[in-house]
Amino acid sequence: MNPAGPVARQIGWKRCAPAEGSDPDPLLEQECSPAPGLIRRYENRALVLATRRCFVHCAFCTRLPFVRDQGGSELSVNVEAALGYIRGHEEIREVLVSGGDPLTLGDAALDDLLDALHSIPHVRLLRLATRAPMARPDRITDALCAMLRSHGPLTVAVHFNHPDELTPDAREALARLADAGLVLINQTVLLGGVNDDPEVLARLCWQLAEARVRPYSLLQCDRVAGTEGFWVGLERALDIAARLEADLPGPAVPAFVVDLPGWEGKARLGAHDPPRRVEGGFMITGRSGREILYPDP
Ligand SMILES: *Cc1c(COP(=O)(O)O)cnc(C)c1O
């Protein structure tokens, strides 16, 4: 164990040199961007990259090349094209606001963006993805909570990977969001050497549930070049997911999710029916019904 602990370790860790033949964009996000600042991999939902700034530069980040530190709290991505695309596609019913971390924007800029999205009649749901409650709990002010609430129904998707990240300040920030009536869900990335332990994850899920955050998903780390040091084999990952399912109250069990390329989307894998093993990986059924080779060396 790194003496600095699992939290410092996942934040401070550098990427490794990518293995030969490894993929910089396994989800095909580049191909799935019909407008600048927009990623669309589902018929009824789209993701807006609201800013390139982020509070934390996670070593396992899927979009690390996109993330930049720029001064100022204004929109650092021109979202007009993305908004125009969403306006022109009535089948898009949920918009995810991500980045970067959208809470690096100031309240006024974020309010304007949510307002623009909220005023599109076919957009029924908004989802904001942020690590602020962990990384900058003081960003979760009462004014921010009231502003977010005014754009409801709005789900805040937070990202905690280890119970050590649930500091007293983080818990207070989550309580402010929950008290404002926002729906809170958590996404955890399964990280080798950090949280690949059912006892650690069960503690995290239990504590999230107590903080009124629904553990939504346990994500297999995307197979992005340079993140190999964090990868957990799929068989072990499924064992961990099965343990969580056996031990936790139902509402505190996260879905175990493997993200597939492009429109194949995220596959929720049942802990008890592992996909078919083949040379070099597993065959996982995507949304199209096709079997996709998921690399698992
Ligand atoms: C993960 C993801 C979503 C949301 O998927 P859910 O299963 O609804 O959580 C939407 N758009 C993109 C581009 C995604 O990567």
Side-chain angles (χ1 to χ4, degrees), residues 23-52 54 58 60-67 77 79 81-83 85-86 88-102 113-114 117 120 122-131 153-161 182-191 205 208 213-224 227 237 241 251-270 284-289 292 294:
D23 195 340
D25 182 18
L27 308 180
L28 302 179
E29 288 199 329
Q30 299 286 339
E31 277 177 38
C32 295
S33 180
L38 184 126
I39 300 172
R40 185 178 182 200
R41 297 175 51 218
Y42 295 89
E43 191 70 10
N44 58 11
R45 43 218 197 273
L47 186 149
V48 172
L49 301 166
T51 173
R52 294 167 81 108
C54 222
C58 307
F60 50 88
C61 180
T62 303
R63 292 191 202 114
L64 203 60
F66 174 82
V67 174
V77 171
V79 289
L83 289 170
Y85 179 91
I86 295 166
H89 288 80
E90 291 192 5
E91 66 282 10
I92 296 175
R93 297 172 60 82
E94 186 188 26
V95 176
L96 286 74
V97 180
S98 183
D101 194 311
L113 173 62
L114 296 177
L117 290 168
I120 302 172
H122 54 268
V123 174
R124 311 303 298 167
L125 297 173
L126 297 177
R127 196 186 324 176
L128 192 95
T130 180
R131 291 204 86 179
L154 186 144
T155 298
V156 180
V158 297
H159 174 171
F160 287 84
N161 294 323
L182 297 155
V183 176
L184 297 176
I185 62 175
N186 182 70
Q187 293 176 290
T188 293
V189 180
L190 182 62
L191 297 168
C205 291
L208 285 165
V213 181
R214 172 98 198 249
Y216 171 57
S217 55
L218 176 64
L219 291 155
Q220 183 72 322
C221 184
D222 289 328
R223 274 25 186 168
V224 177
T227 65
V253 179
F256 177 66
V257 174
V258 175
D259 213 347
L260 300 173
W263 281 75
E264 297 298 343
K266 293 181 173 69
R268 292 171 180 229
L269 299 189
I284 298 180
T285 307
R287 285 194 313 129
S288 70
I292 309 297
Y294 179 77

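As the structure lists them, so they are numbered: ligands from 1, and atoms in each ligand from 1.
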Checklist line | N/O separation below 3.5 Å, R45 to ligand 1 | finding: yes

Check: Among protein heavy atoms, which sits nearest to atom 2 (C) of ligand 1, and what does the distance come to when rounded to 0.1 Å?
Finding: K266 NZ, 2.4 Å

Notebook entry, point to check: Within less than 4.0 angstrom of ligand 1, does R127 place any heavy atom?
Noted result: yes

Next item on the list: Would you check if there is a donor-acceptor pair between the side chains of Y42 and R287 at a distance under 3.5 Å?
Entry: no

Check: Can a cation-pi geometry be assigned to R52 and F66, taking NZ or CZ under 6.0 Å from the six-membered ring centre and within 45° of the ring axis?
Finding: yes

Next item on the list: May I ask you to identify the nearest protein heavy atom to atom 4 (C) of ligand 1, giving residue, atom name and distance to one decimal place in Å?
Entry: L96 CD2, 3.8 Å

Next item on the list: Determine the minimum heavy-atom distance between C221 and L191, stating which atoms define it.
Entry: SG-CD2, 4.4 Å

Check: Going by the atom numbers of ligand 1, which of them fall below 4.0 Å from some non-hydrogen atom of I39?
Finding: 13 (C)

Notebook entry, point to check: Any Lys/Arg nitrogen of R131 or D101 sitting under 4.0 Å from an Asp/Glu carboxylate oxygen of the other?
Noted result: no

Notebook entry, point to check: Got a salt bridge between R63 and E29, using NZ or NE/NH1/NH2 to carboxylate O under 4.0 Å?
Noted result: yes

Notebook entry, point to check: What protein heavy atom is closest to atom 12 (C) of ligand 1, reported as residue, atom name and distance in Å?
Noted result: L47 CD1, 3.9 Å

Notebook entry, point to check: Looking at Y216, which atoms of ligand 1 are within less than 4.0 Å of one of its heavy atoms?
Noted result: 6 (P), 7 (O), 8 (O), 9 (O)

Note to self: Between E91 and R40, does any NZ, NE, NH1 or NH2 come within less than 4.0 Å of an OD or OE carboxylate oxygen?
What the structure shows: yes

